[in-house]
2 protein chains.
Amino acid sequence: MYISINNELFLNEEAKISVSDLSIQRGYGIFDFLKTINNKPIFIENYLDRFYNSAREMNLMVELDREQLRNTIQKLIAENNIPNSGIKIILTGGYAEDGYTMMKPNLIIIQTPLEIKKSLPNQGMALVSYNHQRQIPQVKTIDYLQAIRLQRFVQENHADDLLYHNNGKVRECPRANFFIVTENEIITAKNEILHGITRSKILSLELPNYTFTERDFSLDEVYNAKEAFISSSTKNAFPVSKVDGKLIGDGKNTITDIINQKLLTLIELDQQV
Amino acid sequence: MYISINNELFLNEEAKISVSDLSIQRGYGIFDFLKTINNKPIFIENYLDRFYNSAREMNLMVELDREQLRNTIQKLIAENNIPNSGIKIILTGGYAEDGYTMMKPNLIIIQTPLEIKKSLPNQGMALVSYNHQRQIPQVKTIDYLQAIRLQRFVQENHADDLLYHNNGKVRECPRANFFIVTENEIITAKNEILHGITRSKILSLELPNYTFTERDFSLDEVYNAKEAFISSSTKNAFPVSKVDGKLIGDGKNTITDIINQKLLTLIELDQQV
């Protein structure tokens, strides 16, 4: 498997960067993550939009323009031939002699196999809530300090992942947005979150008898929801069965299932473009 | 110049780690930074205390015990022979195949030349305040997202560095603690900051007619202080002449100078141990 570093391909085991890089020295970098199905990158323009926006927000210059970056990704896809995959594009603060000053960014592109599931699992995931507001939340930075640090906490709470809230206002999971379903609303946070591409696709859907609402909501609203689900590029819409040990709804996930099917349809349409 | 990676020495240009490391993937790591004078590491036990504590707080296992780590540092000092230097010890989340799960940490030790100044400069530094509370502030993580992102903001404000405050409560600089001097008090923040080694040395000093106070204080108190200074391992006590464009005190820095001299005496004593 090849990894692209600054537009040059390296074998997996040879893909290394100097320890002077600002990601290692100062945790400084952004990234994005998209998937391919049958070697076709899905919604690539949306992901590139966000990637260039993250770079701009963090004062990082991307040496490749959009077409060059698209070509680099295509070259990697062609060389690796992993039809269903995740593609991670990382942009770091570059090699800093002094370990502090922002330099010419390093661009790293990594492809890994990804299993695409077409139907919901029998069992949703369990989340445990945690009071944490991500810094610079609108930017997809590489900062996952809390999420990685709390891996043990998640296990100890018999959960699969975290659900961040800011003093009671529900925000997002470390790698996914979060939705609840009520009698006639599908609700997700609006502020101080990363605006996921899958989240935006969901908000563009139409469901009879349901309206989509972006607003703050509380953990109590989560516990009393009819359904809850997360959205992400790898999981599409994925049911959440428990939050803080409390069962959510009756476990049927009817609306989550409809949304997931509609997402899969959008993805199929994009494959044909 | 040699760099130590997992207890093996590499030449500067060959000191590389795989892009699967969690520092690059997820900004996950801690570090510490101490200085040597005439090849003697200063206050090393204090720094090792904090390093192992940071590792513990972030669930990172240090493969080397304290004596082994001390020996590794000594070996590096002997090989490099840079009498006056800074030594940075970085511990990352390790090589994660999945780019997310914490693995066996990587230990990187980098030595760089450091000029040790014995007297205060004629001109203190200029700071610009910024509303930001560091996450997990008590731990020396590699998270400098805000500090690096704001390098341009600092320049635009004709400043040398940032002064973080949490909604008006003054905290610290990105790489230094911050003190103000009033008529009879030397004040520094107590909560939600990194407790610097140099800061603790200062708080252990005795100055006739002055008491050391750890408490919250406001930007207004800064603007009206008689003196202000930062403390760090590289700069000892270093005067601050301006904050947000406002001149602090009369620029004589009498107390800062006394504190700096007393620090230099403590450092000299440690050299003789």
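The chains referred to below are lettered A, B, ... by the order of the sequence lines, with proteins before strands, and numbering in each begins at 1.
- Between B:Ile5 and A:Val19 there is a side-chain heavy-atom pair separated by less than 4.5 Å.
- Residues B:Leu145 and A:Met58 meet the side-chain proximity criterion, which asks for heavy atoms closer than 4.5 Å.
- Contacts between A:Ile17 and chain B at a heavy-atom distance below 4.5 Å involve backbone atoms as well as side-chain atoms.
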Could you please show the donor-acceptor pairs under 3.5 angstrom between chain A and chain B, with distances rounded to 0.1 Å?
residue	atom	partner	partner atom	Å
A:Ala15	O	B:Val19	N	3.1
A:Ile17	N	B:Ile17	O	2.9
A:Ile17	O	B:Ile17	N	2.9
A:Val19	N	B:Ala15	O	3.1
A:Gln25	OE1	B:Lys88	NZ	2.6
A:Arg26	O	B:Tyr144	N	3.2
A:Gly27	N	B:Ile142	O	3.2
A:Tyr28	OH	B:Arg149	N	3.4
A:Glu57	O	B:Arg149	NE	3.1
A:Glu57	OE1	B:Arg149	NH2	3.2
A:Asn59	OD1	B:Arg152	NH1	3.4
A:Asn59	ND2	B:Arg149	O	2.8
A:Lys88	NZ	B:Gln25	OE1	2.6
A:Tyr100	O	B:Gln151	NE2	2.7
A:Met102	N	B:Gln151	OE1	3.1
A:Gln135	NE2	B:Asp143	OD1	3.2
A:Gln135	NE2	B:Asp143	OD2	2.8
A:Ile142	O	B:Gly27	N	3.2
A:Asp143	OD1	B:Gln135	NE2	3.3
A:Asp143	OD2	B:Gln135	NE2	2.8
A:Tyr144	N	B:Arg26	O	3.2
A:Arg149	N	B:Tyr28	OH	3.4
A:Arg149	O	B:Asn59	ND2	2.8
A:Arg149	NE	B:Glu57	O	3.1
A:Arg149	NH2	B:Glu57	OE1	3.2
A:Gln151	OE1	B:Met102	N	3.1
A:Gln151	NE2	B:Tyr100	O	2.7
A:Arg152	NH1	B:Asn59	OD1	3.3

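- Of the listed residues B:Ile24, B:Val139, B:Ile110, the one with more heavy-atom pairs under 4.5 angstrom with chain A than any other is B:Ile24.
- In this view, A:Phe178 satisfies the ring-ring contact (aromatic ring centres under 6.0 Å, His included) rule with no residue, not counting sequence neighbours.
- Applying the ring-ring contact (aromatic ring centres under 6.0 Å, His included) criterion to A:Phe51, with sequence neighbours excluded, gives no partner residue.
- Of the listed residues A:Leu60, A:Ile142, A:Ile108, the one with more heavy-atom pairs under 4.5 angstrom with chain B than any other is A:Ile142.
- Heavy atoms closer than 4.5 Å to chain B are found in the side chain of A:Leu22, but not in its backbone.
- B:Pro121 pairs by the side chain to side chain contact (heavy atoms under 4.5 Å, CB included) definition with B:Phe238, B:Pro239, not counting sequence neighbours.
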